[in-house]
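Report on the structure given below.
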Amino acid sequence: MHGFHQGIYSQYLNCWFSLLKMEAVRSTCNKYEYLLFDMDDTLYPLSLGINMACRKNIEEYMLHHMHIEESEVPRMCLELYKEYGTTMAGLKKLGYEFDNDEFHAYVHGRLPYELLKPDPVLHNLLLSMPQQKIIFTNADEAHVAQVLSRLGLEDCFQGVICFETLNPHVKPVESIDGVIEELTQDATDTKKNESLSFKTQILCKPSLEAMEAAIHITNVDPKKTIFFDDSVRNIASGKAAGLQTVIVGRSTLVPGADHALNSIHNIREALPEIWEDEGEHLEQIIQSSAVETVVLA
């Protein structure tokens with residue numbers, strides 16, 4: 001009987017050490033744990049024309065809703081985009097007042113979404129990737145839903161970081177009992193200034209702050225995260241934030257890019273390590289069927 005118990009104890013220790021070894025192997029074998037994907041012009045090609053249609057809508061909004069001089073609109077639209085990441089962020093920075101939801105509804109709500117078709121090849125490719133996959137876009141959540149639905153990719157991602165994620169609406173300060181607190185005049189002025197500052201500061205790619213915010217929100221390890229984007233400056237910021245980077249829509253590397261893809265469909269050829277099979281490594285350290293049963297349970 002003593003020998004029997006000793007054998008069970010020995011088997012338990014073997015099982016325990018095998019589990020510890022498996023965790024060590026998992027941490028070293030999992031080269032990548034998360035994949036961050038830009039959406040527009042990354043999950044579908046720039047050639048579809050969605051980007052140009054979006055710029056046209058922005059220019060029309062600036063002309064008809066913000067009453068900016070027609071001759072200035074194209075130049076201003078492009079310059080603000082280059083300097084602030086998005087034209088919207090630039091307009092806010094310059095002090096233009098407009099409703100964020102109204103802007104997005106006009107700019108994205110009028111896009112030719114019918115140009116986007118289901119992509120079963122990309123769908124199967126994404127689902128075959130063992131990592132957690134997250135959309136990281138400057139666009140609003142309604143646009144994200146439309147694009148993913150049209151492409152047939154709604155079930156491929158575990159999360160979305162979008163405009164609303166990085167720029168949540170300001171909520172009134174409430175006391176513990178739910179009653180809005182009364183503020184002194186000085187405090188009221190301070191709150192107004194804070195609110196004004198918030199409204200004029202749009203957090204978006206390619207700012208390093210936006211990259212770091214996305215990393216913090218998703219709680220990912222940058223060294224084990226790949227960031228896919230079609231924008232050269234977004235890639236540079238992603239690399240500065242410590243992410244592994246892939247420029248999409250180009251055949252050659254750009255500053256800050258670790259890999260280059262002509263198309264998002266070329267991921268398997270360019271990054272086969274995404275599909276590295278842990279199972280083959282784990283089987284090497286499983287010493288008995290008894291241990292294997294415990295592990296699988």
Side-chain angles (χ1 to χ4, degrees), residues 37-46 48-70 72-119 134-157 159-172 195-207 210 213-214 217 229-231 234:
F37 288 88
D38 174 50
M39 188 179 69
D40 293 304
D41 302 328
T42 295
L43 298 184
Y44 62 84
L46 174 67
L48 282 185
I50 300 293
N51 183 286
M52 290 304 298
C54 186
R55 179 181 296 185
K56 179 176 178 291
N57 290 344
I58 292 174
E59 290 180 354
E60 289 185 0
Y61 186 89
M62 293 170 66
L63 177 63
H64 300 299
H65 291 261
M66 306 180 70
H67 309 294
I68 297 174
E69 183 66 35
E70 184 173 4
E72 291 293 310
V73 166
R75 177 193 60 80
M76 188 174 177
C77 180
L78 184 58
E79 288 182 356
L80 292 178
Y81 168 78
K82 289 181 177 180
E83 184 170 356
Y84 297 101
T86 68
T87 303
M88 178 187 189
L91 290 169
K92 290 281 188 177
K93 186 67 175 179
L94 292 181
Y96 286 95
E97 296 183 3
F98 53 90
D99 182 76
N100 295 337
D101 294 335
E102 179 187 88
F103 179 88
H104 284 133
Y106 188 95
V107 170
H108 291 147
R110 297 150 55 90
L111 289 175
Y113 287 117
E114 66 275 6
L115 295 177
L116 298 172
K117 306 298 182 183
D119 190 340
I134 301 167
I135 291 289
F136 180 22
T137 175
N138 284 336
D140 62 298
E141 57 187 353
H143 177 64
V144 173
Q146 272 281 5
V147 171
L148 294 184
S149 175
R150 295 277 182 165
L151 294 175
L153 305 178
E154 312 101 304
D155 60 337
C156 295
F157 299 93
V160 172
I161 296 179
C162 59
F163 177 86
E164 288 86 354
T165 315
L166 296 177
N167 302 277
H169 295 297
V170 179
K171 297 180 179 180
S195 178
L196 179 60
S197 174
F198 177 89
K199 289 178 181 177
T200 56
Q201 297 289 336
I202 296 294
L203 191 60
C204 62
K205 297 183 290 184
S207 74
I217 291 169
D229 204 299
D230 66 291
S231 166
N234 290 351

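When atom types are taken as modelled, the side chain of Ser207 and the backbone of Cys204 share a donor-acceptor pair closer than 3.5 angstrom. Checked by atom type and distance alone, the side chain of Asn167 pairs as donor or acceptor with a backbone atom of Leu203 at under 3.5 Å. Lys92 places no side-chain N or O within 3.5 Å of a backbone atom of Asn100 that could act as its donor or acceptor partner. Counting only distance, with no hydrogens or angles, the side chain of Asn138 and the backbone of Lys205 share a donor-acceptor pair below 3.5 Å.
Contact annotation: the side chain of Met62 never approaches that of Tyr96 to less than 4.5 Å [non-hydrogen atoms, C-beta and beyond]. Residues Arg150 and Lys117 form no side-chain contact, since every pair of their non-hydrogen atoms from C-beta on lies 4.5 Å or further apart. The side-chain heavy atoms of Phe103 and His65, taken from C-beta on, include no pair separated by under 4.5 Å. With contacts defined as side-chain heavy-atom distances shorter than 4.5 Å, the pair Arg55/Thr87 does not qualify. Taking 4.5 Å as the limit, some side-chain heavy atom of Leu43 sits within range of a side-chain heavy atom of Leu151. The shortest distance between side-chain heavy atoms of Pro112 and Ile50 falls below 4.5 Å. The shortest side-chain heavy-atom distance between Met76 and Leu94 falls under the 4.5 Å cut-off. By the 4.5 Å heavy-atom criterion applied to side chains, Leu153 and Ile135 are not counted as neighbours.
Here the closest non-hydrogen pair linking Ala89 and Ile202 is CB-CB, 3.7 Å. Contact detail for Thr137 and Asp40: the closest heavy-atom pair is OG1-OD2, 4.4 Å. Here the shortest heavy-atom pairing between Tyr84 and Gly90 reads CD1-CA, 3.3 Å. The two residues Ala139 and Glu164 come nearest to each other via the heavy atoms O-OE1, 4.5 Å. Shown here for Tyr106 and Asn57, the closest heavy-atom pair between the two residues is CE2-O, 3.4 Å. In terms of heavy-atom proximity, Ile58 sits nearest to Cys77 at CG2-SG, 3.9 Å.
Side-chain contact annotation: His143 with Tyr113, donor-acceptor N/O pair under 3.5 Å present.
The salt bridge (charged side-chain N to carboxylate O under 4.0 Å, His left out) check on Glu60 picks up Lys56, Arg110, with sequence neighbours excluded. Annotation: salt bridge (charged side-chain N to carboxylate O under 4.0 Å, His left out) contacts of Glu79 (sequence neighbours excluded): Arg75.
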Side chain to side chain contact (heavy atoms under 4.5 Å, CB included) between Cys162 and Asp140, intermediate numbers included:
CA-CA 6 Å; Cys162 59; Asp140 62 298; over 6 Å; no
Lys82 and Leu78: CA distance, side-chain angles, deciding distance, side chain to side chain contact (heavy atoms under 4.5 Å, CB included) verdict
CA-CA 6 Å; Lys82 289 181 177 180; Leu78 184 58; 3.9 Å; yes
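Aromatic ring centres of Phe163 and His104: separated by under 6.0 Å.
To the nearest 0.5 angstrom, Tyr44 atom OH is 7.5 Å from Asn51 atom CG. Within the model, atoms NZ of Lys93 and CE of Met88 stand 15.0 Å from one another, a figure rounded to the nearest 0.5 Å. Taking OG1 from Thr165 and CZ from Phe136, the interatomic distance works out to 9.5 Å, rounded to the nearest 0.5 Å. Atom CD1 of Ile161 and atom CD of Glu141 lie 13.5 Å apart (nearest 0.5 Å). Annotation: the span from Leu116 atom CG to Leu111 atom CG amounts to 9.0 Å, rounded to 0.5 Å. Between atom CG of residue Leu91 and atom CE of residue Met66 there is a gap of 4.5 Å, rounded to the nearest 0.5 Å.
Surrounding CD of Glu70 are at most 12 heavy atoms belonging to other residues, nucleotides or ligands under 6.0 Å away.
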